[in-house]
Peer 1: 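Pasting in a structure now, in structure tokens, and then I'll have a few things to ask.
Counting starts at 1 for both ligands and their atoms, in listed order.
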Amino acid sequence: MVMEIAYCGLDCGACPAFHAVERLTVEERQAVADNWSKEFGGTHTVADIDCAGCTHEGHHAPYCESDCDIRKCGAEKSVPTCAACADYGCDKLAGFLANVPDAKANLEARRPA
Ligand code: SF4
Ligand code: SF4
């Protein structure tokens, strides 16, 4: 799977929901839904396990569609990722990147020179 960098620097290409309708069977999507319910709480259904990717229009998995403030902000600012934002390092992003070094490295590699 190719890398598909989200606004926050995560690699959507490594997420099981990414284009799952085309890549996974219904049983495999249900297994991911069961894992997410265990890992993140709540009840995830098979319909939740499909996503166009953070920076693309279309269906998104529930957290990324509704709850992620970084995604909402990046979409409003029309940046390709937070790396291109004039406010890079804002509080929303810094709090997240402090706990996710891979996402931080992906964004740092995309910062303008
Ligand atoms: S935006 Fe979609 S593909 Fe990317 S991490 Fe979130 S759920 Fe996964
Ligand atoms: S303000 Fe922060 S969260 Fe919003 S696009 Fe810029 S860096 Fe990302």
Peer 1: Where on Cys64 is there a heavy atom closer than 4.0 Å to ligand 1, on the side chain, on the backbone, on both, or on neither?
Peer 2: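 The answer is the side chain.
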Peer 1: State the atoms of ligand 1, each with its element, that fall below the 4.0 Å cut-off from a heavy-atom position in Ala61.
Peer 2: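 Those qualifying, in numeric order: 7 (S).
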Peer 1: Quick one: pull up CD in Glu4 and NE2 in His19 and give me the separation to the nearest 0.5 Å.
Peer 2: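 One finds 6.5 Å between CD of Glu4 and NE2 of His19.
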Peer 1: Distance under 4.0 Å to a non-hydrogen atom of Cys51: what atoms of ligand 1 satisfy this?
Peer 2: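 Reading through ligand 1 atom by atom, the close ones are 1 (S), 2 (Fe), 3 (S), 7 (S).
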Peer 1: In Å, rounded to the nearest 0.5 Å, how long is the span from CD1 of Ile5 to OG1 of Thr81?
Peer 2: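 Here the interatomic distance stands at 8.0 Å.
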Peer 1: Among all protein heavy atoms in this structure, tell me which lies nearest to atom 1 (S) of ligand 1, with the distance rounded to 0.1 Å.
Peer 2: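 Checked against all protein heavy atoms, atom 1 (S) of ligand 1 sits closest to Cys54 N, 3.3 Å.
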Peer 1: Strictly under 2.8 Å, is atom 8 (Fe) of ligand 2 approached by any N, O or S atom of Cys85?
Peer 2: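 Given the 2.8 Å cut-off, Cys85 does not count as a ligand of atom 8 (Fe) of ligand 2.
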Peer 1: For atom 8 (Fe) of ligand 1, what's the nearest protein heavy atom and its distance?
Peer 2: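 Among all protein heavy atoms, the one nearest atom 8 (Fe) of ligand 1 is Cys15 SG, 2.4 Å.
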Peer 1: When you measure from atom 4 (Fe) of ligand 1 to every protein heavy atom, which one gives the shortest distance, and what is it?
Peer 2: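 Ranking protein heavy atoms by distance from atom 4 (Fe) of ligand 1, first comes Cys12 SG, 2.3 Å.
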Peer 1: For atom 2 (Fe) of ligand 2, grab the closest protein heavy atom and report residue, atom and distance to one decimal in Å.
Peer 2: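 So the nearest neighbour among protein heavy atoms is Cys90 SG, 2.3 Å.
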Peer 1: Taking the side chain as C-beta and beyond, is there a heavy-atom pair between Trp36 and Asp48 under 4.5 Å?
Peer 2: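 A side-chain contact is absent here, since even the closest heavy-atom pair is not under 4.5 Å.
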Peer 1: At a 4.0 Å threshold, what atoms of ligand 2 neighbour a non-hydrogen atom of Gly74?
Peer 2: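 By the 4.0 Å cutoff, the relevant atoms are 5 (S).
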